[in-house]
Each structure stands twice: as C-alpha cells, then as structure tokens.
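One structure below.
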Amino acid sequence: MLNRSLSTFMNAFTASDFTMYPFSTQNGKDFQNLLSVYLDAVCLFNHNRLENENPTDPSSPLVFKGVVFNEMKGAFSDNEQVYAQHLQNKLYPDHTYGVVSGGEPLAIPDLSWEQLKHFHATHYHPSNARFFTYGDLPLEQHLKQIHEEALSKFERTEPDTAVPNQVHWDRPREDHVTCSPDVMAPDAAKQNTLCMSYLLGDITDTFEGFTLSLMSSLMISGPNAPFYKALIEPKIGTDFSSVVGYDGSTKEASFSIGLQGMAEEDTEKVKQIIIQTFDEIIANGFEEERIEALLHKIEIQMKHQSTSFGLSLASYIASCWNHDGDPVQLLKICDSVTQFRQALKDNPRFLQEKVVHYFKDNTHRLTLSMSPDEAYLEKQVKAEEEKLQKKIQALSESDKKDIYEKGLELLSIQSKTQDASCLPALNVSDIEPTIAVTHVEMGTAGGVPVQYCEQPTNGMVYFRAMCSLNSLPEDLKLYVPLFCSVITKMGCGGLDYRQQDQQIELKTGGMSISTSVNPDYSNMDMYEQGVLLSSSCLERNLPDMFHLWSDIFNSPHFDDVERLRVLVMMSAQELANGISNSGHMYAMTRAARNLTPTGELQETFGGMEQVKFMKRVAEMPDLTQVLRTLPRIKRHILNPLNMRCAVNATPQKMSNAAGQLDNLMCNVSSNKKDRKPVQAPACPASRTPIIHYPNFKPCQMKTFFPMPFPINFVSECIRTVPFTHEDCASLNILARMMTSKYLHGEIREKGGAYGGGARMGGGLFTFYSYRDPNTVQTLSAFRKGVDWAISGQFTQQDINEAKLSVFSAVDSPVAPSDKGMGRFLSGITDELKQAHRERLFAVTDKNIVDVAGRYLGIGQRTCGVAILGPENDIIKKDPSWVVK
C-alpha cells in the first residue's frame, strides 16, 4: 500500500503489551482505502525459518533465516536496548513484561505456525481492539466502515487479555547482566552501567501519573536537577543510564535512576549517592522556579503544532486506554495542571511525601548492573550455532529434503510479481497538480536579511538564524559540532550555566545550534556551510528569548573546563550509543564522502569521523586546549555580518517580532568594536556566500568499519545531478520504484535484512540496507537492481505507484513553524518546487531506462561504498577495501 497511496505515515508498533497499527493521509478517498486494508490485514504473519544458505543448492548448510529474526538480532546489538530489556524483564518478572515482546532471537525459531495462528486468533480479534481516529473527516463514516468491514464479520468474544498487577516484593533485589564491549566508548575502562528501578502505581490513575512524571523531570532534567548534580557533575559516569526517569508504558509505571560509562569499583558509591539524593530531596524539596519552568514547558507543548499531532495523541493515550483507563481524562492536561497547583498550595510538602512513599519506603526496587564481556559476541554466535546444530540433528533426510523443497517454493513465490490488483489504489490523477504557495516577506533587521512568514502559530514565535562558516579556518571544522552542542549550556552574560538553563526553560521552548550543510540546488560543486540557530517561545516571552540570544552572542562563558568535560562525556557517549540504531545513516554519509564537496563536510560534522573525534576528545586528560578553540570559533560564526534570519509568527504579532529582532541585531552589532558598521545588503533575500569548487574531482572509495554487531549496515552511493536538473525527477521515481519493486524483495524478503532500498537527494543516488545479515550479496543486489531498471522490466502501473509514493513525501504536511523553511535553508522557491513537480508528473518509462543506464550503469558511475558490521574475512583480504 505504500505505493498505492498518498499516505503521510504507515507503520506498526510493537509495545510490551499491545500492537498499534497507525496510518495517516490528507486524502479522504485514500483514508477509506487504507482503513479497508488495515481492517483486513490486522496482522501480517512473518515466518522465521530453517533454510539452506543457498536455497538452490541442497548441499549448502542449513541456517536460520527471517526478517524478524535479523531485526531482533540487530536490536540486541545495541547495549542500551539489551540493558532496557533486562531491566523490564527483571522488574516485572511474573507475567507478560517478564518476556521479550519483540522476540528473543534464539527463541524465535521455536515458534510454530500453529502457536502463531492461535495467538493471532485470541489477541488480534476485534473484541480485543480499540480504534482511534483524528482529523477533520466525519466520524460517522469511519464508524460505519469499521462496523461493515470488520465488527459485523465477527462474533463478540470476551478475550482474557488483561495484564495482572506485578506481585510486590517485600525486599529490594539485585541482579547483574553482561553485554558486548563498545569499541567507540569514550573510556574503554569505564563501560559499566548501574541503575535502581522502582515499581510505582497503576497508570490508569491519570493525576498520579501526571504528578510522578513531573516529579521525575524535577529530579533528573537539566543541570539544576538533584540527580544531575549528584551523579553527572562528579564525572563518575558519562551519562545517565539508558533507562532513566518515569516510564508509564506498562500497566504499573516505573522510575529508574543510574549511570552508564562508569567503573566497576564505583558501583557501591553510586548506590549510596542515589539513596542519599532521595533523602536530600525529602529534606529540601524543589525550588518554586523549577516547578514553574516545567509547567511552562507543558504550556509550550500544548501550543506547539506538529504534523504528527494525531499520531502523538494516539501514542500518548495507548497504554492507559489499553488497561481500561480513561483516555479523555488523560488529555485534560489543563485540569491536571490546576489540580497539581492546588495540591502544592494545600500541602507544601506534597512532592516530598510522594518521594518518601514511592522511593524511600518502596521495597519493590531492582538494582541492575551491567558489565562488558569480551567473549559476549562469541558466546552469542556459539549459542546460535548450538541451537542450529541441535535442530539439524533432529532432522531426518526426508525433513531436510522437505526444507530444501519449501525453500525453493518460497524463492519461487518471492521471485514472482505479486498480484496487487485486489488492493485499492489512488491514481496519479488524484494528485494535486500545483503546490500551495507559501507567502513570505523579505526585510532587514539591523542590516541583517530577514524572511518573515505569517502563520497561525497558536501564540508561538519561531526564530532561526543561519550563520556562515566561510571564514572559519579548516583546522577548527571538526570542533564545530561540539561548539554547537555546548554554546547554550556553558552560561552567558550574568548567568552561570545553571541559571542559563533555568531561564531557557522558563522563557523559551528550547534554544539550539546545529551544523547545516546545504548543497546548491543547481550545481553539484557548490554549497552553503553554516550553523543554524533555532528557538521558539510564547509571544509574551519574545523580549526574554532575544535577550538570551544577545547574551550568547555578546558574552558566552568559556571559562569552566569541568563543565565542558561533563558535556563532552555526554556527547561522546550519545554518539557511540547511536551507531547501532543509525548504522545505515553512518554508512550512507561515509559512502558519499568523496563524491561531492559537501560529502566531506557532512562526514566531518555527522559521520564516523565525528564519532571518532569525540571519542579522542573524551579521552584527553586535559581539555584546556579544546576550551580555547571555542572563542575562536565563536568569533567567526556568531557574527551579524555573516548571517540571515527567519521568523514565523501570527500576523498580529509579526511587527512586534520584527521590532524585537531589530533590537537584537543592533545589540549584537554594537558590541563588536572591531567590526565595520553593518550595511543593509542590496538583496535582502540573499543567502550567505556559496562555496564553489569548480575543479572538484570525485573519487571512488570502499570503506569497511568492523563493529561489535552481529548484523551489517551497507551503502553504495553514486554521484548524479542536482535538484533543478531535468533528470533529477526521473532518478527520484527510479529510486522509489527500484525500492518497492526490486530491492525490497531481494534485500528483505530473500536476504533477510530488516530494511533496504534506494533514495535520491543532494545530487546522490544512494542504496542502503539496515540490520542486514549479508554484505557482498547485498552489494550484488544493488547492481542487479540497476540491471533490472536498464532492462525495463517494469510496467506503467509500477511507474504510477512510484509517483504516488514520491508525491506522498513531496506533499507531506508542513507545520506552521516550518513553513518557508525550505526556501530559507536551501533557496528552493515555490516556483522551483512547481517546476520539479511538473517534471515528476512527466516521467516516462523511457526516461527511467535512460537515467538508469547513463548515471548508474557500470562504467558510467562514480561511486562510494561503506559497510559497518562484524569482522569480515572476504573484505579483509580484498585490497580494494579500506578497513578502518
């Protein structure tokens, strides 16, 4: 259906005690089509199996295969996921939360077809379902369709699926688990995790849940929180444990607090600090200003409009509603805030008494430690091999023959084109021919170019500024992401870092700075490099927000090396933890490195190069030298001479916002005594100067990163054409069609990877796979996908479906806060978007065959390849690969 619809979202989520099947679309006919298919499907079976490694060779060894099998192997290659899973299983050991809902990898092959069918019949029955709709289509039509296509076809049953309460322990427990060593850890000698987890109350008590969630934030969030001061700032560990704070996703909630990246000998010390910190909270309570800052955050969250608001609501109420709580009561957040304020007024020790009840006097407490085991991966491989051999030994020759024949039968089914004619579909003619125009006004503030976009922002103001990196010396570029992550967290003006954090929480919806590399839309060898400042606030707090930015520009603090070390350790840990979940993104970034001028910069800012750099910085015994680079970077970046701004606000508040921005720009300019006066540019809409490499020579490179994962992330990247080139639209359609009509079958269905496909963007045609048991076989599938396209083995229907899929992304909804941002960041106007849209509509089969041959064919292409995965002897022995 992804290719027969204009859906803006389509997926399924597996929680610990429910499965959720959400979809969304902006088209009424499409909504009915999707609802019909979802009601019919309810659950898609996925068979994990024994099969010959080569299905066409009966003498090849038998192996475990299956998409979910490899997905869960991938999930458990992430140490944070391993820890979180063990913590839940051991805190709630008596029923459903005591097992792995997604499937323990080595238990998956034991699941029989009969067991699966029985579980489906019992649990995935309309009597056990809850339906949620959100949007402006009439509810009556939804109810009628749900009744006619699902409910009326079943007899009502009384499913016994209620989750019982966990039996409370009469004394705390301790346990220990192991994990794989992390080669990217900031400190190889400090890879232990310790956490204390407490069982709380039933989540159907909505006010109690609201209070506990708020109290959790007060205890752990930001540098003013007691546990941040007690655990993070002494630098005993790199960051809080992967599970931290309030968790209301299970029938009875939990609260966890602990550290990761710590030494084993600090275990007892951390336990003592946690107990002691609870005692200090009971004695001292929380500052009133911190409580107000949190309530302000709730107000911002209620006013901010996101494009996934309906999905967020569904996710927010799912757990409580699933356990027969009142979902409507849960959504009455203003009532909970009022009740919370009243409770504090009636009893000033209201929160301290909760801490005594839920933490000090609570005997249902689990202390779970985790340490790395050098033989962890080896043991996993051995356990899988032993399980496999045990199953093989139980097979007769007849069983083996049956497996081979079923493997051939499955391969035959997978190789056939599926008849999707029974599924409803939209037509290309259902797509709007023109885009909705976004009106923007250009102006200046203090001589700096500004884009103003009037939008229904619900009482919020959104501010962005792009600051050029063009004058920054090359040796400082690796430090820019670190600069971005710390500049709003070190203190500024008259505020230390704690006061700065408090003011940001009290007066804004957050302030951030991030790197930005934007390829030129018409020339592959041109790009803009900068950092993007972003913040938002309630209209009443606009002067305060701009005052904070003024202090960050004029007087940021770069004098606290210990504060910097805390931020560096957290950042390095976060980057190291992210690889196992986003390995395909790292592979794609690396593969693109030598193909365009932007490729190298993107690898520097956000690729494996940055991960390794932050690991080196975290390992430095003295960060004084790093601290000294920050003011140097600041002088080049935070400079009104090299920036442009954008403001999104309501029409009523825009002139006020413009006036406040003018004050900010004059303020930050007047403090620069060594600068020339800022002159208004001739063209206020102009972007900062573009970098041009007219003699850039792309080069081919194949890079392999050995990682402690049992699965691979594979990418191949090919240099093609920029956005405004006439062939860009054809390559877009080709990428989408090749993904759904060829690569999905080869990489996921036959290969067993959790995901894979092709995408076009930034002048690059990129192949990728995710949680993939294969490497060379996947690279071969990429090449065969090109051959498939060149040979024209696709139909007009395939092209139409690819167009629907591409347009569902092109026309995905844009929040009021983000309107006009495409133009601001990349210079792509509505006129350029409309021209590209018309080229997408016009793509033909001849265009697709032509671009596949000219850009992707052997001998025609300049490509890069990158793989992250376990040790690979074939690649190691191949001199064409660079092994990192």
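All values below were derived from every heavy atom in this structure, side-chain atoms included, with hydrogens, water molecules and symmetry-related copies excluded. Because the structure is a prediction, the values reported are computed rather than measured.
The nearest pair of heavy atoms linking Asn847 to Ser730 is CB-OG, 3.4 Å. Of all the heavy atoms in Ala802 and Arg736, the pair that sits closest is O-CG, 3.6 Å. Of all non-hydrogen atoms in Leu734 and Val851, the two that sit nearest each other are CD2-CG2, 4.2 Å. Heavy atoms only, all atoms of each residue included: Thr589 and Gly607 are closest at CG2-CA, 4.1 Å. Heavy-atom minimum distance, Ser5 versus Ser808: O-CB, 4.2 Å. Taking every heavy atom of both residues into account, Val806 and Asn732 meet most closely at CG2-O, 3.9 Å.
Between Phe723 and His836, the ring planes lie tilted relative to each other; the angle falls in the 30° to 60° range. In this structure, His142 and Phe31 have tilted ring planes: the angle between them lies in the 30° to 60° band. Using the six-membered ring where Trp is involved, Phe696 and Tyr693 have ring planes that are perpendicular, over 60° apart on the 30 and 60° scheme.
Residues passing the salt bridge (charged side-chain N to carboxylate O under 4.0 Å, His left out) test with Glu80, sequence neighbours excluded: none. Among residues two or more places apart in sequence or in another chain, the side-chain contact (heavy atoms from CB on, under 4.5 Å) test is passed with Val100 by Met72, Phe76, Gln85, Asn89, Glu104. With sequence neighbours left out, Phe794 forms a ring pair (Phe, Tyr, Trp, His ring centres under 6.0 Å) with Trp788. Evaluation of the side-chain contact (heavy atoms from CB on, under 4.5 Å) rule for Met526 yields Asp520, Asn523, Ile690, His692 as partners, not counting sequence neighbours. Contacts of Lys29 classified as salt bridge (charged side-chain N to carboxylate O under 4.0 Å, His left out), with partners at least two apart in sequence or in another chain: Asp430. Listed by chain and number, the residues in a ring pair (Phe, Tyr, Trp, His ring centres under 6.0 Å) with Phe309 are Tyr134 (sequence neighbours excluded). Take Phe705 and apply the ring pair (Phe, Tyr, Trp, His ring centres under 6.0 Å) test, not counting sequence neighbours, and it matches no residue. Scored by the side-chain contact (heavy atoms from CB on, under 4.5 Å) test, Ala781 finds Glu746, Ile747 as partners (sequence neighbours excluded).
At distances below 3.5 Å, not a single donor-acceptor pair connects side-chain atoms of Gln602 with backbone N or O atoms of Arg593. Of the possible polar contacts, one joining the Ser826 side chain to the Gly822 backbone as a donor-acceptor pair under 3.5 Å is found. Formation of a donor-acceptor pair under 3.5 Å by the Thr703 side chain with backbone atoms of Val882 is not found in this model. Judged by distance alone, with hydrogens and angles left aside, the side-chain atoms of Gln834 form a donor-acceptor pair with the main-chain N or O of Pro433 at under 3.5 Å.
Within the structure, the salt bridge (charged side-chain N to carboxylate O under 4.0 Å, His left out) test picks out the following pairs touching residues 840-856 (sequence neighbours left out): Asp727-Arg854, Asp850-Arg854. Residue pairs satisfying the salt bridge (charged side-chain N to carboxylate O under 4.0 Å, His left out) criterion with at least one member in residues 3-12, sequence neighbours excluded, are listed as follows: Arg4-Glu801. Among residue pairs with one or both ends in residues 406-433, none qualify as ring pair (Phe, Tyr, Trp, His ring centres under 6.0 Å); sequence neighbours excluded.
Side-chain contact, Lys702 with Ser880: a donor N or O sits under 3.5 Å from an acceptor N or O. Asn54 and Ser60 share no side-chain donor-acceptor pair at under 3.5 Å. A side-chain donor from one of Ser791 and Gln793 sits under 3.5 Å from a side-chain acceptor of the other. Ser812 and Thr8 are not linked by any side-chain donor-acceptor pair at a separation below 3.5 angstrom, with hydrogens and angles left out of the test.
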#### Entry: Candidate pair Glu384 and Gln380, rule side-chain hydrogen bond (donor to acceptor under 3.5 Å, both in side chains), full reasoning
CA-CA 6 Å; Glu384 185 179 328; Gln380 280 193 319; over 6 Å; no

When the side chains of residues 709-718 are checked against the rest of the protein, which donor-acceptor pairs come out under 3.5 Å, sequence neighbours left out?
{"from": "Asn712", "atom 1": "ND2", "to": "Asp772", "atom 2": "O", "distance (Å)": "3.1"}
{"from": "Ser715", "atom 1": "OG", "to": "Phe767", "atom 2": "O", "distance (Å)": "2.9"}

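The environment of Gln305 atom CD is dense: over 12 non-hydrogen atoms of other residues, nucleotides or ligands sit within 6.0 angstrom.
Atoms CG and SG, from Leu595 and Cys863 in turn, are 7.5 Å apart once rounded to the nearest 0.5 Å. To the nearest 0.5 Å, atom CE of residue Met588 and atom OG of residue Ser769 are 10.0 Å apart. Note that NE2 of His725 is 9.0 Å distant from CG of Leu731, once rounded to the nearest 0.5 Å.
The residues Asp78 and Arg771 are annotated as not salt-bridged, no charged nitrogen and carboxylate oxygen being separated by less than 4.0 angstrom.
Ring centers of Tyr38 and Phe23: under 6.0 Å apart, within the cut-off.
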